[in-house]
Every structure is written in C-alpha cells, then in structure tokens.
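To start, the structure under review is shown below, and the notes come after it.
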Amino acid sequence: MKKGVMRPGHVQIRVLDMKEALKHYVDLLGLIETDRDESGRVYLKAWSEVDKFSVVLREADEPGCDFMAFKVVDEDALNQLEKDLIAFGLMVTHLEAGDLKDCGRRIQFTSASGHCFELYTDKKYTGKWGLNEVNPEAWPRGLKGMKAVRFDHCLFYGNALVETYDLFVDVLGFYLAEQVLDPDGNRVAQFLSLSTKAHDIAFIMHEEKGKFHHASFYLETWEDILRAADLISMEDVPIDIGPTRHGLTHGKTIYFFDPSGNRTEVFTGGDYNYPDHNPVTWKAEDLGKAIFYHDRVLNERFLSVLT
Amino acid sequence: MREFTITDNTSKQEFFCREDEYVLHAMQRIGKTCVPVGCKGGGCGVCRVSIISGKADYGRMSKAHVTVEQKDNGYALACRIKPESDLIIECAPKPNASIEIVAYQNTQLNEVSK
C-alpha cells in the first residue's frame with residue numbers, strides 16, 4: 001500500500017580520491033556537477049532528473065555507500081512515516097535542512113540488513129539539465145561519456161532480508177516485483193519497487209551486513225550499452241561483466257568499477273509491473289541464469305566483490 | 001623503465017611488473033592468476049597480500065581492508081601497489097574478506113544445485 005514514498009532521490013557514495021572519482025562519474029558516466037559544499041562533497045545529477053542532485057560523492061578512507069534516500073510526497077506523509085518507523089522499532093535520526101545543500105530536512109534510519117536510508121520531501125527543483133520546460137528538445141547537447149539519463153536504483157548485500165522486506169513493504173509502501181527463492185522457500189534476493197519499474201531498490205542475501213553492490217544508471221538503448229562498453233575499454237576501466245542481459249528484471253546491462261572499487265551499472269529496458277501483476281520468481285538453483293541470462297553461469301566477482 | 005620480478009610465495013609463480021604499473025594489473029596482463037582479482041580500485045579487499053620482501057609504492061586503499069598498522073606490517077592490496085624492487089608476496093585474505101565468502105557461497109550454491 002502506498003505510504004507516500006515516491007521515488008529514489010539520491011545516493012551518497014564514499015570515494016578514496018575525489019579527482020579520480022569525478023573522471024569516472026562525470027567524464028565517463030556523464031553526470032553533471034551541480035555543486036560542492038564546505039566539507040568537500042561534490043553534488044551530481046543526470047540530465048533528465050528534475051531536482052538539483054541525485055549523487056553525492058564524499059572523499060573517505062573506506063569506499064562504499066553512506067546512504068540512499070527516497071523522496072516523499074509531502075510533509076504530512078514524512079511525519080507519518082517517521083511515526084511508523086519508530087513504531088516498527090527503528091531509531092530515527094534528524095538531519096536539518098541545508099545539511100545537504102538545497103535539500104530540506106531528512107530523516108535517517110538503518111535497515112536490519114545494515115544499510116542507512118533517508119526520507120525527505122524537499123529539494124531544489126532545477127528542471128531537466130540543458131532543456132527548456134516548454135517545448136523541450138529531445139536531449140541536451142554537451143553531454144559527456146555514457147550520457148547517463150537518470151540515477152535508477154541501488155543493489156545492497158546484507159542479511160536479515162525478512163526484516164528488511166517488512167520495513168520496505170509494510171512501513172515504506174514498496175511492493176515485491178521480483179525475487180529469488182531457495183528450495184526451502186527462503187527469499188535470497190528481493191527486488192522492490194515503488195513504481196512500474198522492476199526495481200527501485202534490491203537486496204541480495206549475504207552474511208556480512210551493510211555492503212554496497214552497485215548504483216545503477218539508466219541509458220536509453222542497447223546500442224548505448226554497447227557504446228558504454230566501448231568507452232570502458234577506451235579508458236581501460238575495470239569491468240565486472242557485460243554487455244549482457246539479466247534474467248531477473250530482464251534488463252540489458254554492463255557493470256564496471258569506479259576508481260575506488262565501487263561498482264557502477266548502466267542498463268536499459270527490463271520488466272514493468274502494474275498492481276495486478278504477481279511477483280516474478282526465479283529459483284536459486286538457476287541463479288546463474290537469473291543473474292546472467294546468456295552465460296547462465298555466475299561470475300564469482302558479482303557475488304563477492306563489494307564495498 | 002625499470003621492471004621488477006614479482007614472486008608469489010605460495011605458488012612460486014613469477015611475473016614481471018613495470019615500476020609504473022600496479023602489481024595486480026601486471027599479473028593479469030601476463031595471464032597469471034596467483035592473486036584473486038576484484039574491483040582493481042583498492043575497495044573490495046579481494047587481492048589483499050602480505051609483502052614478504054621488497055619495497056613498494058602504495059596508492060590509496062580501503063582502510064577497512066588494510067589499516068595503517070597492517071600497512072606498516074607489510075599488508076597491501078595488490079591492485080594499489082607499484083614495485084620499487086623485486087617483491088615476494090603471499091595472498092593474505094582477511095578472516096571476513098570477500099574471498100572467504102566466495103568459498104562459502106560457492107559451497108551454498110553447490111549444495112543448492114545438487
């Protein structure tokens with residue numbers, strides 16, 4: 001049931017070296033720098049996004065993900081969600097408006113899987129980058145690299161998937177779009193959505209809590225994925241796998257690493273859902289095909305290389 | 001350009017590494033597999049090694065996998081070190097490092113696929 005959580009809003013990623021990171025996220029991926037703050041964080045957005053930023057980079061001595069945030073429809077819904085999170089048994093932390101530049105107040109909490117999430121309602125609306133609001137052209141000129149269209153979702157690795165499912169479905173109003181079940185019926189992967197998309201967030205079972213698998217960005221076409229692969233080779237960027245297709249979500253995809261070892265995905269296509277759709281199920285016995293539809297074999301790195 | 005010999009103490013495999021090249025990248029370029037390859041960015045810890053002898057130049061690597069104290073004791077991520085002399089190295093995964101989890105998950109997956 002809808003609780004007023006609308007869509008993914010931003011992700012804050014830790015990098016070892018900001019200058020190197022910007023070559024990856026701006027020059028290669030094609031995000032646009034929109035601001036910096038006193039603490040050295042750099043704010044980025046993809047061109048089709050309407051708010052000021054969707055990716056925040058923070059230099060640190062350990063890479064990974066600080067938090068992922070979701071935008072909530074209004075202040076009343078945010079207040080109710082805070083009550084619901086506390087009733088669910090979570091500690092909620094408040095961050096004042098302006099802690100992230102041009103972003104309103106945020107509330108933060110940690111899922112049983114060990115990941116930090118945020119909710120907020122307000123962020124400066126800057127419109128799609130390089131386009132007029134009236135009679136907009138098809139795309140803006142001057143985009144770099146892969147020309148990422150939007151920040152789409154994150155995949156996290158951790159345990160306590162049942163408790164995390166309850167948090168996202170019962171409290172935050174996500175629905176289960178796709179899943180992987182083991183022979184005993186335990187869910188070892190859960191792809192959760194707020195929209196018609198196959199996932200706005202995903203979790204895969206892993207012994208260690210709080211691990212970051214990837215942040216994903218949408219491209220328009222399969223040709224764009226091939227071109228992304230060309231750029232990855234031209235820049236000698238470490239690649240994980242692809243171009244290929246997933247069984248889960250059926251997205252067409254390629255994975256590669258930023259200079260701090262955080263994984264990035266660019267993808268296109270994939271399944272859609274409406275409220276009358278049943279969740280899509282893959283069997284854990286067929287995990288190879290579920291993850292890499294063509295190879296039908298798991299690459300160890302996809303399961304084990306995390307930040 | 002100087003070139004140094006890198007020796008894996010466990011497998012006794014040897015390969016050459018240029019002074020401006022990361023040890024893991026040289027290993028992959030030459031087609032050896034003695035050190036596991038992960039993110040190649042100093043982040044995931046999969047290629048953690050102990051430098052038994054020799055000197056290296058250290059790039060930035062995650063403190064979650066190599067603390068300052070461990071670095072002083074010769075631990076490093078092979079994807080972030082460039083040789084300054086011949087090196088003898090040995091794989092040194094942390095107890096909870098991803099490589100152990102690979103083994104664990106593979107066991108699980110093998111069990112599942114039986």
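Just so it is clear: chains get the letters A, B, ... in the order the sequence lines come, proteins before strands, and each one is counted from 1.
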Smallest heavy-atom separation, A/Phe257 atom then B/Gly38 atom, equals CE1-O, 4.0 Å
Here the gap from A/Asp61 atom CG to B/Ser62 atom OG, rounded to the nearest 0.5 Å, amounts to 7.5 Å
Rounded to the nearest 0.5 Å, how far does OG of A/Ser260 lie from CE of B/Met61? 12.5 Å
Does CZ belonging to A/Phe302 count more than 12 external heavy atoms closer than 6.0 Å? yes
Considering residues, nucleotides and ligands other than B/Phe15, do more than 12 of their heavy atoms fall under 6.0 Å from its CZ? yes
Given the options A/Asp258, A/Asp17, A/Asp240, A/Ile239, which has more heavy-atom pairs under 4.5 Å with chain B than any of the others? A/Asp17
Do other residues, nucleotides or ligands put more than 12 heavy atoms under 6.0 Å from A/Phe67 CZ? yes
Check the surroundings of atom NZ in A/Lys289: do more than 12 heavy atoms from other residues, nucleotides or ligands lie under 6.0 Å from it? no
Let's test your reading of the structure: which of B/Gln28, B/Lys40, B/His25, B/Arg60 forms the most heavy-atom pairs below 4.5 Å with chain A? B/Arg60
Heavy-atom closest contact (B/Gly43 atom, A/Pro63 atom, distance): CA-CG, 3.5 Å
B/Arg29 atom CZ: more than 12 heavy-atom contacts under 6.0 Å: yes
